[in-house]
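Reminder, nothing fancy here: chain letters follow the sequence lines and each chain counts from 1.
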There are 2 protein chains.
Amino acid sequence: MRYRDENKMQAIRDCAIEMVAKNGLENFGINRLAKAAGVSPATIYIYYKDKEDLLTSISIEEGVKMTRATLKGFDPNASFREGLWVQWKNRAAFSLDNLQAAEFFEQLRNSTYKDKMREAISLEFRKSMGSFVENAVKRGEINEMPLEVYWSVAFAPLYALIRFHNEGQSLDGRKFKFSESIMKQTFDCVLKGLSK
Amino acid sequence: MRYRDENKMQAIRDCAIEMVAKNGLENFGINRLAKAAGVSPATIYIYYKDKEDLLTSISIEEGVKMTRATLKGFDPNASFREGLWVQWKNRAAFSLDNLQAAEFFEQLRNSTYKDKMREAISLEFRKSMGSFVENAVKRGEINEMPLEVYWSVAFAPLYALIRFHNEGQSLDGRKFKFSESIMKQTFDCVLKGLSK
DNA sequence: TTTTTAAATGAGCAAATGCTCACTTATATT
DNA sequence: AATATAAGTGAGCATTTGCTCATTTAAAAA
């Protein structure tokens, strides 16, 4: 029998990410994707059930990749400061290295597909993160707080910064460029806010 | 001559917001909107040039409303703590009172329309906010920092919290409900992080 | 070499899309 | 009452949409 051409599947995935990132979810279509990937529309339906399945599958894949990248070299038993800083650096590096994947992901996060994505991500998240915050509380490094409050204070600022970078210009119209020193400055604020 | 029926325009606006909020930008269509608003498709084109004009016009309108609501009763000369707290409370109240408008806005913010929205919002923002941060720095209440860093630390956490609330469940699968005490707790973290 | 299996395809369908046009309706002005 | 003007309409066009099917192609198994 004939084998699957893994290059084709990869082309479909890559083009889908690129198209959504560049033209938005609202302009993404199967026929268009097929043409861009150099593939028949029917071929896409060998790999994916339908349009929704394609988008959710890819976004979950990318989400897992991003989470894994964020936790690379992360030691759950490290000090809170060090642990969080590793995550910040990893996450920023991933976004800068995978601009389109990050943009694709952000688009899906704000669409009607968001519900289906959350499960896969929260699972991965819970596994590796749960104990880290708990430990930091036990050791008296940070105050006890609901997980939502923690996430909002600890990560939302980083995501916002990355977003400013991707958009290329800031709130007041001037240019804005992400840098390690900007990240460090923001991190210091966040850490101070969370610390006892 | 015949007058414009302001109810019709309002119905179009309201339905558009509701449809995007409920079904996502990618499922929003003019024919669908016309039917939902009880209006002919052609009528929509009396008020708006095309689909893009409709979406950007409405989102700019809502964005201005939101910014105005956020700055209601805000005194640029108040202390930093008080000023920021007023903005937090206003913004949260607006989102809770206008769930669909907030969701609509968030969807547009992450679409290809985002560029056209930023101008209108940043204009409104700059007008009323610029001096507030500057003054706080001069009075020694907070450290000097780029505006993007300030925004990321001061507001991104609040937006994240509101998002958790709207999504109804949190990162780890449990229920999550926004409350004044949760908001206050988060605010204290943020304030501590920004303060000298 | 022949057979079997599944990958891959291009043409194209039914439905939906954004949008228009010839026309009707309502109301201020004459 | 007649006229002028712009709001408002329903049918529908050209195109695009998501998706399928009859068929062909490649390669493992016989």
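When atom types are taken as modelled, the side chain of B:Asp53 and the backbone of B:Tyr48 share no donor-acceptor pair closer than 3.5 angstrom.
Between D:dG8 and B:Tyr47, a contact under 4.0 Å exists linking OP1 or OP2 to a side-chain N or O. Contact annotation: A:Thr43 reaches the phosphate of C:dT9 (side-chain N/O to OP1 or OP2, under 4.0 Å). Listed pair B:Tyr3 / C:dT27 fails the phosphate criterion, with no side-chain N or O lying under 4.0 Å from OP1 or OP2.
For the pair A:Asp188 and A:Lys184, the salt-bridge criterion is met [side-chain N within less than 4.0 Å of a carboxylate O].
Taking atom OH of A:Tyr45 as the reference point, atom C1' of C:dC13 lies 13 Å away to the nearest angstrom. One atom, CG of A:Leu55, and another, P of D:dG18, lie 10 Å apart when rounded to the nearest Å. Across the protein-nucleic acid pair, A:Lys35 atom NZ and D:dC19 atom C1' stand 16 Å apart, rounded to whole Å. B:Glu26 has its CD atom 13 Å from the P atom of C:dG18, to the nearest Å. A:Tyr48 places its OH atom 13 Å from the P atom of C:dA8, with the value rounded to the nearest Å. Remark: P of C:dA6 and CD1 of A:Ile46 are 12 Å apart, rounded to the nearest angstrom. Per the geometry, CD1 belonging to B:Ile30 stands 23 Å off P belonging to C:dA15, to the nearest Å. As a whole-Å value, the separation of B:Lys51 NZ from C:dA16 P is 15 Å.
Between B:Arg4 and B:Ala42, the residue anchored nearer the 5' end of DNA chain D, judged by the nucleotide with its closest heavy atom, is B:Arg4. Comparing B:Lys49 and B:Arg32 along DNA chain C, the residue whose closest nucleotide (by nearest heavy atom) sits nearer the 5' end is B:Arg32. For the pair B:Arg2 and B:Asn31, nearest-nucleotide mapping onto DNA chain D gives the more 5' position to B:Arg2. Comparing A:Ile44 and B:Phe28, the nucleotide of DNA chain C nearest to each residue sits closer to the 5' end for A:Ile44.
Going from atom CG of A:Asn23 over to atom CZ of A:Phe28 covers 10.5 Å, rounded to the nearest 0.5 Å.
Linking ILVMFWY residues whenever their side-chain heavy atoms come closer than 4.5 Å, directly or via other members, leaves A:Leu99 and A:Ile162 in distinct clusters.
Residue-to-nucleotide contacts include no donor-acceptor pair under 3.5 Å from the side chain of B:Ser40 to the base of D:dG8.
Ring-plane geometry between B:Phe187 and B:Trp88 is classed as perpendicular, the angle between the planes exceeding 60 degrees on a 0 to 90 degree scale with a lower cut at 30.
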